[in-house]
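Here the structure is laid out as C-alpha cells; the discussion comes afterwards.
It should be emphasised that the depicted structure is a prediction, and the values quoted were computed from it without experimental measurement.
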Amino acid sequence: MSFLLGIDTGGTFTDLIAYDVVTGRISQHKTLTDYASVVDGMLRCIADASVALEDTDRVVHGTTHVINAYLQRRGARTALVTTRGFRDLLEIGRANRPIAFQLRLGKQEALVPRHLRFEVTQRTSATGDTLCEVSVADLEAVAQRAMADGIEALAVSFLNAYANPAHERLAADWLRARLPGVYVTAATDLSMEWFEYERTATAVANAFVGPGIRVYLDGVRAGLAKQRFRGSLKLMASNGGTLTIDRAIDEPIALVESGPIGGCIGAAAFSRALGLDRMIAFDMGGTTAKCALIDAGHFDVQSTYYVGGYERGFPIRAAVLDIVEVGLGGGSIASVDELGRLRVGPDSAGSEPGPAAFDRGGAVPTVTDANLVLGRISRDGFLTNGLRLNETAAREALRRQVATALGMDAADQDDRVAAGVIEVATTVMAGAIKEITVERGRDATDYVLFAFGGGGPLHASLLARELHIRTIIVPPRPGSFSACGMLMAELREDGQRTFFRALEDASLVDAAGLFAEMQLEAERALREQGAKELALVERRLEMRFRGQRQSIAVMFDPGMSAHELGRRFEAVYEERFGHRGPGSMVEIVALRLTASSPAHALSPAQVGIQRVGAQSPSVRIRDVYFLEAQTRLPTAVYRREELPTGFSCRGPAVIEEYGATTVIGPGDCLRVGSLSELHISRED
C-alpha cells in the first residue's frame, strides 16, 4: 500500500490530499460539499482525484458534522438521567451574566427539555463515599419513559461522580442492557472533573450527536469498504490527535473542531521547520475564518469549549484547540440592514447554491463575488479544473442587493461597493485575531501571520496592514492545507483529574503519583489507537490564587518544589493579566496530562510544490483594485507552480494556484522560501 489520504469536509468545499509514500508525490483535489449526502460527496471527491483506495494505507478524515449538528440543533431525541433534585442543572448553569449591561440577554435553550430530564434516587458524597445506592426501580421507570417517549440517546450524569464513578457507570450499563437500541453516555467516561454543570452539559452534548455520528461514520466506513479500502480510518480529533472510528463513535464531542485543527497542526509543523517562535495561524474557508496562536512550535489546547460562544452557548469539557472562529468566509453574504449599514456574514451561501459567481442558482452577493469584481481572483484560475466564475452574475448581485440599498445605482460604483464588502470582512476577521492576541495580553505585531485556506492568502495582506503585522507566510497548497495538516498529526491522548489542594511540597508529591497513574492510562489508550512508542508527555497543573474561580494551566516538571512552581505560576499570571499577587495563597484545582506518539506522516518539506518548467515564470498583467490605493493598478499575475525557490518581486502582484490566490499589496515584497512557502514582507 502506498497512499495516505487527508480529507477535510468543510461547509463549502471538500478538500483531499493524497500522498504517495513510494514516489513522494502529492496530489490535491477540491469539490463542492454535497449537503444531501456528505458521505457520497466525500467518496465522489476520492473518485474524482483518481486515488485507488485498495492501495491506500491510511485515511484521516476531518469533518464539521458535529459542530454543525450543535449549531443547527439537528441531533437525536435525547434525555438526561441525573441525581434526584438536580434535573434543572442545565438551565441553572453558572447563573452568571457574561454581558453585564445587556438586559435582555438570553442563553440558548438546553439540548434536553425539562420533561425529558429524569431523576434517579442515589447519592455519592464529595469525597466519593456512597450515601445512598442507586434505585433500580427508578432506572426501570426511566427505561419505561424512554421507550414511551421515543428516546434515541441517554446521558447519565450523577452528582459527585467524578469522585467515585461507580453509580454512574452502573446506571449506564443497566440502561444499555435494558435499551439496546438507545445510545447511552456516562459523563465520567468523558470527564473526571468536579464541574457538575460542565460535566452534565458535556454528557448531554455527546449523547445528542452520538446516534447521528454513528450513522455518518458507519456510512463512511461502509463506503470506503465498497471501494476495497483495507487500511486504517482515523478521525481528526479536536485536541490535535487522531481517533479510531470506534472511539469517535463513543466520544463524538472529540470531533467538535475536527475540521480546523488540521491546518493548525500544519502551521505548528511549519513554525518548527522555519524556526519561527510566534505565529498566528489564520484559516479562511468558504463559511468561516479561524485563528489560533502557535508559540514555540506548539498550539494551546483549552479544557472547556463553548458551543455558540461563551455569552450564550453551552460548555463542553473536553480537550479542544484554543481557537477563535467567526462566521466570515468566501461565501459570507453581504447585505444592508434596516439602519442602512453594510454587513457581511455570518450567514453563508455555502456550496448550495453558493455565491452568485458560482452560477449555480445563487443570487446573493458574497465576499467571493466582491473579490471577483475587484479582479483579486480570476474567472478561470479559481479551481483550474472545474469551477468557472461568472463575473456578470457577481456584479448584478452586488448592484441589486447592496448598491441599490445604499443609494449607489451607477455601474461605475461597482468597485467602491465591492471594496466596501472586503473592508467590512477584513474588520470582522481582524477582530477575531485581536481576540486571540490583544485580549489575552499578546501583541499581534510580535507574530508572523501564517495564512491558509481558500481565502486566507487572498486577505492576508489587508489583515496584516490592519494589525500592523510585518511578515506573512503562505504555505504550499494553502487551499487544501487543513487536509495536509491531517497527515502531519500524531496520536494524542489528553487526561484530566480534579486535584483540589494548597500549593505545598506534599501536594506535589501526591500530584506526581497521580500523574504516573494518568500516564499509564494514556499509554494504554494510545496502544489501542495503534501507537508503538511515546514521543512526549506533558504535565500541567490548573492553578489559581485562593478565592478565584478561574484557573490557568502551568507546566509541571517532576521534582519541582512548591516555591519553584509558585514563581512559574506568578510569571504566567502576570503575562496574562498584567499583574500578580505576591504573598497570596496559591492552590491547585486540577491535573492535566498530554501524551503523544509519532505516526507515519508528512513533513513540511514533503508538502512543497513541484516546479513546472525550467524557464522563467510567465507573467500576465491584470487590472486589480487595491483597497490600500483605493484604485485599480496594473498587476503582475503569476502561477505559483512556475515560481522557483528564491524568486522575488515587489507588489502589486497576484499569485494564482489550484484552490487559492495570494494577493501582494503595493510595495510589499515577495520571496519564495526553501519549503516552497511564500514570504511576504509588508511595508506601511
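The closest side-chain heavy-atom distance from Phe158 to Thr124 is not below 4.5 Å. Glu521 places none of its side-chain heavy atoms less than 4.5 Å from the side chain of Glu493. Counting only heavy atoms from C-beta outward, the side chains of Val554 and Met560 never approach each other to under 4.5 Å. Looking at heavy atoms from C-beta onward, Arg87 lies in side-chain contact with Arg114 at the 4.5 angstrom threshold. Residues Glu564 and Leu508 are not in side-chain contact: their nearest non-hydrogen atoms beyond the backbone lie 4.5 Å or more apart. Side-chain contact between Arg94 and Glu198 is present, with at least one heavy-atom pair separated by less than 4.5 Å. Taking 4.5 Å as the limit, every side-chain heavy atom of Leu255 sits out of range of all side-chain heavy atoms of Val209.
Side-chain contact of Thr445 with Asp443: a donor-acceptor pair under 3.5 Å is present, judged by distance alone. Between the side chains of Thr594 and Glu538, not a single donor N or O lies within less than 3.5 Å of an accepting N or O. Checking Ser135 against Thr121 by side-chain atom types alone, no donor-acceptor pair falls below 3.5 Å. A donor-acceptor pair shorter than 3.5 Å can be found between the side chains of Thr83 and Gln122. Looking at Lys234 and Ser232, their side chains never bring a donor and an acceptor atom within 3.5 Å of each other.
Atom CD of Gln548 has more than 12 heavy atoms from other residues, nucleotides or ligands within 6.0 Å. For Arg567, the CZ atom sits in a loose shell: 12 or fewer heavy atoms of surrounding residues, nucleotides or ligands are nearer than 6.0 Å. Within 6.0 Å of the CE atom in Met585, the count of heavy atoms belonging to other residues, nucleotides or ligands does not exceed 12.
Shown here are the side chain to side chain donor-acceptor pair (under 3.5 Å) partners of Glu517, two or more places apart in sequence or in another chain: there are none.
We find the CZ-CD distance between Arg544 and Glu587 to be 4.5 Å, quoted to the nearest 0.5 Å. Once rounded to the nearest 0.5 Å, the distance linking CE of Met486 with NE2 of His61 reads 8.0 Å.
When each of Leu159, Leu131, Asn164 is paired with Ser125, the side-chain contact (heavy atoms from CB on, under 4.5 Å) condition holds for Leu131 and for no other. Each of Thr64, Thr242, Thr63, Leu243 was evaluated against Ser258; a single residue qualifies, Thr63, per the side-chain contact (heavy atoms from CB on, under 4.5 Å) test. Residue Tyr447 is tested with Asp295, Ile436, Thr471, Leu467 for a side-chain contact (heavy atoms from CB on, under 4.5 Å); the sole match is Asp295.
Ring geometry for Phe545 versus Tyr573: interplanar angle over 60°, hence perpendicular rather than tilted (30 to 60°).
Each side-chain hydrogen bond (donor to acceptor under 3.5 Å, both in side chains) pair with one or both residues in residues 268-277, not counting sequence neighbours, would appear here, but there are none.
Contact record, Thr78 with Val112: O-CG1, 3.5 Å, taken as the closest heavy-atom pair.
A salt bridge is defined here as a Lys NZ or Arg NE, NH1 or NH2 lying under 4.0 Å from an Asp or Glu carboxylate O, and Arg568 with Asp557 meets this definition.
Aromatic pair Phe270/Phe481: ring centres closer than 6.0 Å.
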Take Thr127 and Asp129 through the test side-chain hydrogen bond (donor to acceptor under 3.5 Å, both in side chains) and record every step on the way to the result.
CA-CA 6 Å; Thr127 57; Asp129 298 324; 3.1 Å; yes

Check the pair Asp250 / Arg247 against salt bridge (charged side-chain N to carboxylate O under 4.0 Å, His left out), numbers first and verdict last.
CA-CA 5 Å; Asp250 289 339; Arg247 175 82 175 274; over 6 Å; no

Walk me through whether Arg199 and Glu193 qualify under salt bridge (charged side-chain N to carboxylate O under 4.0 Å, His left out).
CA-CA 7 Å; Arg199 270 199 322 112; Glu193 294 184 271; over 6 Å; no

